[in-house]
Structure formats: C-alpha cells, structure tokens
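First the structure, in the form of structure tokens, and then the observations on it.
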Amino acid sequence: MTTAVKNPDQGGTAPTTAPQKSSGGNSLTAGQKPTWTWLAVAGGALAVGAGLAALMGESFSITGWLIVAAILYVVGMYIATRVIENRRRATDGLWRNLVWAAFIIALIPLISLLWTVFAQGLPTLLANPGLLIYDMSTTNGATDAATQNEGAPLSGGFAHGLIGTLMITVVATVISVPIGLLTSIYLVEYSRGGWFARAITFFVDVMTGIPSIVAGLFAFAAVQLFITTFIGSSPAHLQMVKMGLSAAIALSVLMIPVVVRSTEEMLRVVPNELREASYALGVRKWRTIMKVVLPTSISGIASGVTLAIARVTGETAPILVTAGFLATTTWNPFSGWMTALPVYIYRQLINPTAPADPLPSELRAWAAALVLIIIVMLLNLVARIIAQAFAPKKSGR
C-alpha cells in the first residue's frame, strides 16, 4: 500500500510504502522458538532413549536410559534452536545445558550418598535410640549373635565415639584457631611481602595438600619425641603416645592452613580506608586491628573456622594412628586411648564384634555414619548462620 507525501523541495508528492503487518503474528516473538519446545524435545529424547534401551535387551537399565535421554535432549535442543532461531542462540543454549548437566552430575554422588546413609542408618537409629547413650563396654560376640539369631535387642552404642570426637575437636580448635588467626594477621597487617612471609605462604599451601595420614604420623612422632625426652622411654611411657591430645595435634595440622587461608582472605577484604581513618585519629596499629579490622571481618572468620572444624570432624586416618580405639567412655584427652566416631565406624565394619554374625556391627556403623553426617551438616549450617549474624549491617540508604 502506497500513499502520497508532499515533497517540500519540488512542491509535488512522493510515493511512500506503508509498513506491512507480519504474517507470522507478533513481530516481537518472530524468530523465537515456542516456550513448549523443551517439553517436546525432552519427551522425544525420553521416547527415543527408551527405544534404544529396549533394543539393548537385558543390558537395559534406568541409569543408562536417563543418560542416553539427556544426551539426546542436549543435541535436540541445539538443533531445534539452530533451525528456529540462529546459530548464536543455539550455541548459548548448548553451553547452558552442558553447565546444567555438569551440575546434576555433581549432585548425583551427594544425593546417592545421603540416600544410602539415611536409608541404612535412620531405621536402626529410630529403632534403637540407646545407641546414642551407650558405649561398647557391655557388648560382645555373644550379644551380637543373640541379636542376629534370636532377635534380641541391638546392644551397645557409640556414645564414647561422640564424646571422643567432641573432646578431640575442641582441643584441636583451641590449638588451631589462635595460631591460624595470628598468622593471618601477620601476613596481612605486618608483613611487607618479604622472604619470611613468602615462606609462610608456601608452607601453608603445602600443608593444605598433605594427606591426613601424614598429619597423624607427624603428631605421633612429635608426641613420642616429647615423651621420650622429658618423661621416659619405657614401654609404659611409649603407650602414652596414643591419646586424645595426639589426635588433636594431628587434626590441628589439617585445620591450621584452612583457618589461615580463610582468615587471610577475610582480612584482605577489609577496606584500607577504615585502617587509614583509624590511624588518622591516632589509634595504634594493634588497637586498630582489634577494634576495626577484626570486627569488620568477624563474619567470614567465624564461618571459616566453623568450616575448618567440619572438615576435620570426619577424619579417620590420623585419629586411628594417634588416639587408638577404646570400648568405654573417657572424657580425658590427655591420658589414655580415646575413640572418635569415624574410628568407631571403621572398626565396626573392618573388625565386627561378632565376626560370624557381622550384621549388628554393620547396623551400628550405619547409624553412627548417619549421626556423623548430621553433625557435619549442622556445622555447615552453623557457619552460614554465623556469616549472616555477624555480617556488617547494611544501611537504609
């Protein structure tokens, strides 16, 4: 359709063309795939995947079907977007789907682990709540055989493991937090990037990656050297090496680099303007650190410390080397063997109380594993709550 428009230069009119409506409907959504495209592609991928799985016969499995369907979905969405829209959006969608696939693949082991532990441990824990308050002092092969063969109640428990884990972790925290905090303060506030600071950073990085069994051997050797040097070297004295304090020293070797790294990062986040304002008022450096820097970064520091505690709570190898295993409850980490919850789980599975009837030991191990996972999850939740509680308050402006 054309209309005449007056030409001001020639005094005449010039034909112009009026805009035509798109035959495809709304011009704003032209060239875009419908919102239901992903449903259609997903349905087709599931159907084709089921067909391919059926052709495989006896080797068919739900896991294989889902994997094939996921691959077909990613390819199908790329082709559909490429045909309906353009290559750029198709490539963008392809990478987005690959990122989601990687995220789901990463979640599968975690979900499988949690499902297995809860499915195995929760019924046992609900049916036998006494596992939380009793130790293994009255449990032997005869009681476990009666449990499996005669239906007797499940005896024993892991209260001594809970107490041992608590005491060892508390002592390790008392050792690690001051050392890690002061080291971070030196690196951020006092060092000038010299060779000493670089050496500390290097060794912290090395300690972050050492195997946990090496930390246990180091703690065992250090305590043994101290005892033989200052107390004695008799067999009775050498038996003193295995105790809760040795395990706490081993865990502190694993905790210190985590505390140093997390605290260092939080201290570096504090704006220099706050320090300079404090110095301008004549406040000393140590007081500026105590009153300005640490309160500003306390949220991240507390969260990092809590995560470090959660990281070492489930360690088994260093505690197995340094603390030993005890069937009774002890509260003293400075004398005698002490059982931690991870070691209890390990011993119940590897060395059941009744080798001919291992089922009761396995039930106790699954229940203890469930409690250990709950403890670690609660520590991570506490870390998040602390981070929110101590975070700097935002102003209303």
Side-chain angles (χ1 to χ4, degrees), residues 160-187 191 195-264 304-326 330-347:
H160 58 311
L162 286 172
I163 295 172
T165 298
L166 173 64
M167 300 305 299
I168 292 172
T169 305
V170 167
V171 176
T173 303
V174 171
I175 296 173
S176 304
V177 172
I179 296 176
L181 185 60
L182 293 176
T183 303
S184 302
I185 291 175
Y186 170 78
L187 291 175
S191 70
W195 66 269
F196 187 59
R198 291 197 300 269
I200 293 176
T201 303
F202 172 76
F203 284 112
V204 167
D205 292 338
V206 172
M207 290 174 62
T208 304
I210 64 172
S212 59
I213 187 65
V214 176
L217 293 175
F218 165 77
F220 185 89
V223 175
Q224 185 181 38
L225 178 62
F226 178 84
I227 290 177
T228 55
T229 303
F230 297 99
I231 299 179
S233 57
S234 65
H237 292 144
L238 293 178
Q239 287 293 326
M240 297 170 57
V241 176
K242 283 193 173 184
M243 56 181 172
L245 178 62
S246 302
I249 294 174
L251 295 186
S252 67
V253 174
L254 301 175
M255 282 185 65
I256 288 174
V258 179
V259 175
V260 170
R261 275 302 180 200
S262 60
T263 305
E264 183 182 359
V305 170
T306 308
L307 292 177
I309 295 173
R311 181 248 187 274
V312 301
T313 300
E315 288 292 344
T316 305
I319 301 179
L320 187 64
V321 172
T322 54
F325 178 79
L326 197 64
T330 176
W331 289 85
N332 186 6
F334 303 100
S335 176
W337 291 12
M338 177 172 281
T339 300
L341 201 56
V343 177
Y344 174 86
I345 298 169
Y346 173 80
R347 290 295 297 266

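Numbers for residues simply follow the sequence, beginning at 1.
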Taking all non-hydrogen atoms of both residues into account, name the closest pair between Ser184 and Thr263 and its distance. OG-CB, 3.4 Å
Which atom names give the shortest non-hydrogen contact between Val260 and Gly180, and what distance separates them? CG2-CA, 3.6 Å
Within a reach of under 6.0 Å around OH of Tyr186, are more than 12 heavy atoms found that belong to other residues, nucleotides or ligands? yes
Got Thr183 and Ile200 here, is their nearest side-chain heavy-atom distance under 4.5 Å? yes
Pairwise side-chain contact, Thr165 with Pro342, heavy-atom cut-off 4.5 Å (strictly under): yes
Any Pro318 side-chain heavy atom under 4.5 Å of Leu251 side chain: yes
Are any non-hydrogen side-chain atoms of Val258 and Thr208 less than 4.5 angstrom apart? no
How long is the span from the CH2 atom in Trp331 to the CD1 atom in Ile163, to the nearest 0.5 Å? 4.0 Å
Would Leu162 and Leu166 satisfy side-chain contact (heavy atoms from CB on, under 4.5 Å), going step by step from the backbone distance to the final call? CA-CA 6 Å; Leu162 286 172; Leu166 173 64; over 6 Å; no
Spell out, as yes or no, whether a donor-acceptor pair under 3.5 Å connects the side chain of Ser246 to the backbone of Val241. yes
For Leu326, does its backbone N or O pair with a side-chain atom of Thr339 as donor and acceptor, under 3.5 Å? yes
Does a side-chain heavy-atom distance below 4.5 Å link Arg311 with Leu254? yes
On a heavy-atom basis, which atom in Ile249 and which in Val223 lie closest, and how many Å separate them? CD1-CG2, 3.8 Å
Check: Thr228 side chain, Leu225 main-chain N or O, donor-acceptor pair, under 3.5 Å: yes
Taking the side chain as every heavy atom from C-beta outward, state whether Arg261 and Thr201 have any pair of such atoms under 4.5 Å apart. yes
Is there a donor-acceptor pair closer than 3.5 Å between any side-chain N or O of Ser176 and the backbone N or O of Ala172? yes
Please name the pair of heavy atoms, one in Ala308 and one in Met255, separated by the smallest distance, quoted to 0.1 Å. O-CG, 3.9 Å
Tell me which one of Val253, Thr322, Val321 satisfies side chain to side chain contact (heavy atoms under 4.5 Å, CB included) with Phe218. Val253
For a 4.5 angstrom cut-off between non-hydrogen side-chain atoms, does Tyr344 reach Phe325? yes
Check whether any side-chain N or O of Ser252 sits under 3.5 Å from a backbone N or O of Ile175 as a donor-acceptor pair, and report yes or no. no
Passing candidate, side chain to side chain contact (heavy atoms under 4.5 Å, CB included) with Glu264, options Leu187, Leu181, Ile185: Leu187
4.5 Å side-chain heavy-atom contact, Met243 and Trp337: no
For the atom pair CG (Leu245) and CE (Met240), what is the distance rounded to the nearest 0.5 Å? 10.5 Å
The reported gap from OG1 in Thr169 to CG in Leu341 (rounded to nearest 0.5 angstrom) is 10.0 Å
Contact summary for Val206 and Ile210, nearest pair of heavy atoms: O-CG2, 3.1 Å
How close do Ile168 and Met338 get, heavy atom to heavy atom, and via which atoms? CG1-SD, 3.8 Å
